[in-house]
Amino acid sequence: MIEKEYAYYAGCSLEGTASSYDRSIRVILKALGATLRETEDWSCCGSTPAHAMDHVLAGALAARNLAIVERMETATLTTPCPSCLSAFKKAHAKVTQDKAFSDEVNQLLDLPYKGGVKAKSTLQVIYEDVGPDAVTSKVTTVLPDLKAACYYGCILSRPPKLAAFDDPENPVSMDRLLAACGVDVRDFVFKTECCGAAFGVPKKEMVLRLTHKVLTMVQDCGANCVVVACPLCQQNLDLRQAQVNRAMGSSFSIPILYFSQVLGLAFGFQPEELGLDKHIVSADALIRSRRPKGAEDAAPPVKEKARKSTAQGTAGKPGDAPGAEGTASAAKEA
Amino acid sequence: METIHLTGDTLNNFATEIRQTTGEDTSRCYQCGNCTAGCPYTEFFDYPVSQIMRMIQTGQREKALNSRAIWLCATCETCSTRCPCEIDVADVMDGLRNIAYREKRFTERDIRTFYEAFLTSLKHHGRIFELEIIARYNLKSGHLLTDADLGPKVMKQLHFLPKRIKGRDDVARIIKRFMEKK
């Protein structure tokens with residue numbers, strides 16, 4: 001079910017404030033049978049501060065890591081962090097398309113990058129290489145109280161040509177992976193609105209306003225938790241939620257989970273194994289009711305049980321907007 | 001009202017510079033305003049992004065490079081996703097920041113301080129040390145209590161020593177070579 005092994009790049013956030021994302025990703029990929037090889041002695045991708053300063057510097061900081069992966073003879077690098085992903089994709093695109101840029105980047109590097117590495121988000125690996133059906137086959141636990149708003153943030157699927165994944169306006173990959181675990185996924189219109197990104201420290205007032213809008217829309221769609229794939233989104237929505245409430249006079253208390261944590265819970269792992277104890281707004285009340293799959297109906301007929309799990313895996317859940325099927329498969333082909 | 005005298009030079013020079021920096025052809029912009037309509041940051045900008053695009057077309061170099069908007073843009077890519085002319089608008093904003101950086105025009109001091117704290121940490125350790133960035137930012141910006149309220153909460157998420165990599169000298173050399181070339 002897995003195409004091959006992957007070079008894994010955790011990224012700096014996942015060693016610090018987002019360590020729960022790293023833990024839960026490793027746990028579920030192991031359960032799904034994928035092999036992650038550490039990118040040896042990886043360095044920071046440069047992120048926003050580098051590309052704001054200079055594209056060549058940003059390209060070189062990202063390409064140092066791509067060059068390491070190239071020497072590992074692993075064709076695909078996967079990273080859970082959309083910001084690192086974007087840095088790698090931009091560096092790779094420019095190095096392979098623009099000879100002058102490539103020369104400038106390689107002049108800054110000890111070890112040149114030749115252009116042989118494809119970067120994929122870990123969400124993309126799980127959605128496309130593993131797939132929702134394989135995810136369903138690992139589900140042992142139901143989460144009856146979760147009503148999820150899947151929040152993708154800005155750059156997982158954008159700009160479309162560079163990201164080459166999912167739909168840029170209405171991404172559905174997380175919705176479908178959660179539906180494959182039987183989770184109630186809500187229609188959420190702010191899937192790709194920006195949370196304020198890296199401005200949390202220098203421009204907090206801006207981030208609090210944007211985050212307030214996102215949380216308001218979460219509440220409006222009837223969700224009781226937000227499911228994310230980005231460490232910055234998680235940080236802005238969770239760690240800063242009390243700041244939002246103080247600044248905007250709101251009273252949100254909405255747990256913000258990584259999609260990998262929800263999958264991990266559905267696979268039967270304990271909250272602590274997935275780092276849920278690290279989060280600020282506790283999800284305890286929402287996940288307390290989880291129970292073994294099938295335990296809800298005492299010994300249902302085998303046939304009916306099988307049909308039910310297939311329906312959970314593939315049928316359109318409320319979270320799938322009309323037309324999403326077509327756009328998602330179009331994105332997959334591209 | 002400000003009068004702009006459009007000559008061949010004003011019209012072409014700045015747009016050419018942007019094209020050389022980013023590869024983007026801003027002359028294709030016909031001012032539909034789609035970028036501004038989707039921009040989550042437009043309420044904070046001094047000029048909406050569609051006006052910045054027009055400034056490039058009409059050679060208003062000073063005004064564009066001294067705008068606050070170019071620093072407040074978070075590269076969320078909404079504009080680039082929706083531009084009917086397929087201009088990578090976010091990349092144009094990034095190109096303007098690159099030029100402003102070279103010319104030391106920083107209209108958003110705190111953002112610059114934050115970016116430099118980040119790059120300093122990167123240079124020292126090869127990876128980012130979150131606690132050091134916020135400490136350095138607070139000292140250099142003079143906003144000593146930024147996020148102090150998060151202190152007790154964030155403790156369980158942070159690590160307290162930098163994760164120094166073996167190749168931190170390689171990373172420092174990348175930055176050193178870049179600075180020397182400038």
Side-chain angles (χ1 to χ4, degrees), chain A residues 12-13 15-20 41-44 46-57 60-61 64 86 98 104 107-111 153-155 158-160 162-163 168-169 192-194 196-204 206 209-210 213 239-240 242-243 246 277-280, chain B residues 21-23 40-41 43-44 71-72 74-78 80-82 88 90 94-95 97-98 101-102 108 110-116 118-119 121-122 126-131 133-134 137 141 146-147 149-150 153-154 156-159 163 165-168 170-171 173-175 177-178 181:
Chain A
C12 303
S13 294
E15 289 193 327
T17 45
S19 63
S20 61
D41 211 42
W42 58 267
S43 51
C44 172
S47 195
T48 307
H51 74 68
M53 187 178 195
D54 191 274
H55 285 176
V56 173
L57 175 66
L61 289 170
R64 177 183 178 272
S86 174
D98 181 344
E104 280 191 274
Q107 278 163 19
L108 300 182
L109 292 173
D110 290 343
L111 195 65
C154 19
I155 50 176
R158 306 190 310 187
L162 187 78
E169 300 287 0
T192 59
E193 286 293 320
C194 188
F199 288 135
V201 173
K203 283 281 156 197
K204 193 184 304 167
M206 217 158 74
R209 278 183 73 88
L210 294 172
K213 285 187 198 172
L239 185 59
R240 298 193 183 281
Q243 290 180 338
R246 269 199 305 279
D277 53 320
K278 298 269 185 193
H279 291 201
I280 310 301
Chain B
T21 309
T22 64
Y41 293 86
E43 63 176 301
F44 310 105
W71 295 101
L72 296 174
T75 324
C76 77
E77 310 278 7
T78 310
S80 303
T81 301
R82 296 180 186 171
D88 190 340
D94 217 29
R97 277 191 290 274
N98 283 189
Y101 233 117
R102 284 202 286 275
E108 282 290 341
D110 290 345
I111 292 175
R112 177 215 181 174
T113 307
F114 178 73
Y115 286 172
E116 299 204 332
F118 185 104
L119 291 170
S121 188
L122 196 166
R127 290 182 195 169
I128 295 313
F129 180 30
E130 289 164 323
L131 206 57
I133 296 175
I134 183 86
Y137 171 81
S141 66
T146 302
D147 282 339
D149 58 318
L150 298 179
K153 289 181 188 166
V154 82
K156 62 176 174 180
Q157 296 184 344
L158 289 173
H159 55 87
K163 306 263 179 177
I165 64 163
K166 281 183 274 172
R168 61 182 181 274
D170 305 359
V171 176
R173 266 196 302 279
I174 293 174
I175 298 175
R177 285 179 194 135
F178 171 76
K181 221 178 52 155

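Each chain gets a letter, A, B and so on, in the order its sequence line appears, and its residues count up from 1.
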Study note, to complete from the structure: Comparing A/Leu111, A/Leu210, A/Leu162 against chain B, the one with the most heavy-atom pairs below 4.5 Å turns out to be A/Leu210
Point to revise | Rounded distance (nearest 0.5 Å) linking atom CD1 of B/Ile174 with atom CG of A/Leu57 | key: 8.0 Å
Point to revise | Donor-acceptor pair, side chain of B/Gln157 and main chain of A/His279, under 3.5 angstrom | key: no
Check your understanding: Where on B/Asp147 is there a heavy atom nearer than 4.5 Å to chain A: the side chain, the backbone, both, or neither?
Key -> both
Practice item. With a 4.5 Å cut-off on heavy-atom pairs, point out which of B/Glu108, B/Glu130, B/Arg168 contacts chain A the most. Key: B/Glu130
Point to revise | Per-residue contact mode, B/Glu116 against chain A (heavy atom under 4.5 angstrom) | key: neither
Review point. Do any N or O atoms from the side chain of B/Arg127 and from the backbone of A/Trp42 form a donor-acceptor pair under 3.5 angstrom?
Key: yes
Practice item. Verify side chain to side chain contact (heavy atoms under 4.5 Å, CB included) between B/Glu77 and A/Thr192, making sure each step is shown before the conclusion. Key: CA-CA 10 Å; B/Glu77 310 278 7; A/Thr192 59; over 6 Å; no
Check your understanding: Of the listed residues (A/His51, A/Glu193, A/Gln107), which shares the most heavy-atom pairs with chain B below a 4.5 Å separation?
Key -> A/His51
Check your understanding: Could B/Lys156 and A/Asp277 be called an ion pair, given the rule that one side-chain N must be under 4.0 Å from one carboxylate O?
Key -> no
Exercise for review: Under 4.5 Å heavy-atom distance to chain A, tell me which part of B/Leu122 shows up: side chain, backbone, both or neither.
Suggested key: side chain
Practice item. State which residues pass salt bridge (Lys or Arg N to Asp or Glu O under 4.0 Å) with A/Asp41; sequence neighbours excluded, sorted by chain then number. Key: A/Arg64
**Study point:** A/Glu169-B/Thr81 side chain donor-acceptor pair, cut-off 3.5 Å
**Key:** no
Exercise for review: For the residue pair A/Arg158 and B/Ser80, confirm or rule out a side-chain donor-acceptor distance under 3.5 Å.
Suggested key: no
Review point. Who among B/Thr22, B/Asp88, B/Ile175, B/Leu119 has the most heavy-atom pairs with chain A under 4.5 Å?
Key: B/Leu119
Check your understanding: Which answer fits B/Phe129, side chain, backbone, both or neither, if we ask what part of it has an atom under 4.5 Å from a heavy atom of chain A?
Key -> neither
Review point. Out of curiosity, A/Asp54 CG to B/Thr21 OG1, how far, rounded to the nearest 0.5 Å?
Key: 9.5 Å
Point to revise | chain B contact via A/Asp98 - side chain, backbone, both or neither, heavy atoms under 4.5 Å | key: neither
Exercise for review: Find the one option among B/Asp94, B/Thr78, B/Ile128 whose heavy-atom pairs under 4.5 Å with chain A are most numerous.
Suggested key: B/Asp94
Exercise for review: Apply the test side chain to side chain contact (heavy atoms under 4.5 Å, CB included) to residues B/Lys181 and A/Val56: give CA-CA distance (whole Å), side-chain angles for both, the deciding distance (0.1 Å), then the verdict.
Suggested key: CA-CA 11 Å; B/Lys181 221 178 52 155; A/Val56 173; 4.3 Å; yes
Check your understanding: Looking at residues at least two apart in the chain, or sitting in another chain, which of them share a ring pair (Phe, Tyr, Trp, His ring centres under 6.0 Å) with B/Tyr101?
Key -> B/Trp71, B/Phe106
Check your understanding: B/Phe118 and A/Thr48: side chain to side chain contact (heavy atoms under 4.5 Å, CB included), yes or no, with the steps?
Key -> CA-CA 10 Å; B/Phe118 185 104; A/Thr48 307; over 6 Å; no
Practice item. Under 4.5 Å heavy-atom distance to chain A, tell me which part of B/Leu72 shows up: side chain, backbone, both or neither. Key: both
Practice item. With the side chain counted from C-beta on, respond yes when B/Arg173 and A/Leu108 share a heavy-atom pair under 4.5 Å apart, and no when they do not. Key: no
Review point. Side chain, backbone, both or neither: which part of A/Glu15 has a non-hydrogen atom closer than 4.5 Å to chain B?
Key: both
Exercise for review: Under 4.5 Å, counting heavy-atom pairs only, tell me which of A/Val201, A/Ile280, A/Ile155 racks up the most with chain B.
Suggested key: A/Val201
Check your understanding: A/Phe199 vs B/Tyr115 aromatic rings, parallel, tilted or perpendicular, using cut-offs 30° and 60°?
Key -> parallel
Exercise for review: Please determine, among B/Leu131, B/Asp170, B/Ile134, B/Ile165, the option with the most heavy-atom pairs under 4.5 Å with chain A.
Suggested key: B/Ile165
Practice item. Measure distances from B/Thr75 to the heavy atoms of chain A and classify the residue's part below 4.5 Å as side chain, backbone, both or neither. Key: both
Exercise for review: Select one option (side chain, backbone, both, neither) describing which atoms of B/Arg102 are under 4.5 Å from chain A's heavy atoms.
Suggested key: side chain
Point to revise | Main-chain N/O of A/His55 paired to B/Asn98 side chain as donor or acceptor, under 3.5 Å | key: yes
Practice item. Against chain B, label A/Leu239 side chain, backbone, both or neither, depending on which of its atoms sit under 4.5 Å from a heavy atom there. Key: both
Point to revise | Pairs of heavy atoms under 4.5 Å with chain B: top-ranked of A/Ala163, A/Pro159, A/Ser13 | key: A/Pro159
Point to revise | A/Ala197 versus B/Tyr41, closest heavy-atom pair with distance | key: N-OH, 4.1 Å
Point to revise | Side chain, backbone, both or neither of B/Phe44 within contact of chain A (heavy atoms, under 4.5 Å) | key: side chain
**Study point:** Salt bridge present between A/Lys203 and B/Asp110 (N-O < 4.0 angstrom)
**Key:** no
Point to revise | CA sep, side-chain torsions, deciding dist, call: A/Arg209, B/Glu43, side chain to side chain contact (heavy atoms under 4.5 Å, CB included) | key: CA-CA 10 Å; A/Arg209 278 183 73 88; B/Glu43 63 176 301; 3.1 Å; yes
Review point. Which residue out of A/Ala50, A/Ala52, A/Gly46, A/Cys12 racks up the most heavy-atom pairs below 4.5 Å with chain B?
Key: A/Ala52
Point to revise | From NZ (B/Lys153) to CD (A/Gln243), nearest 0.5 Å | key: 7.5 Å
Point to revise | Option that, when pairs with chain B are counted at under 4.5 Å, heavy atom only, ranks first among A/Cys154, A/Ala60, A/Ser19 | key: A/Cys154
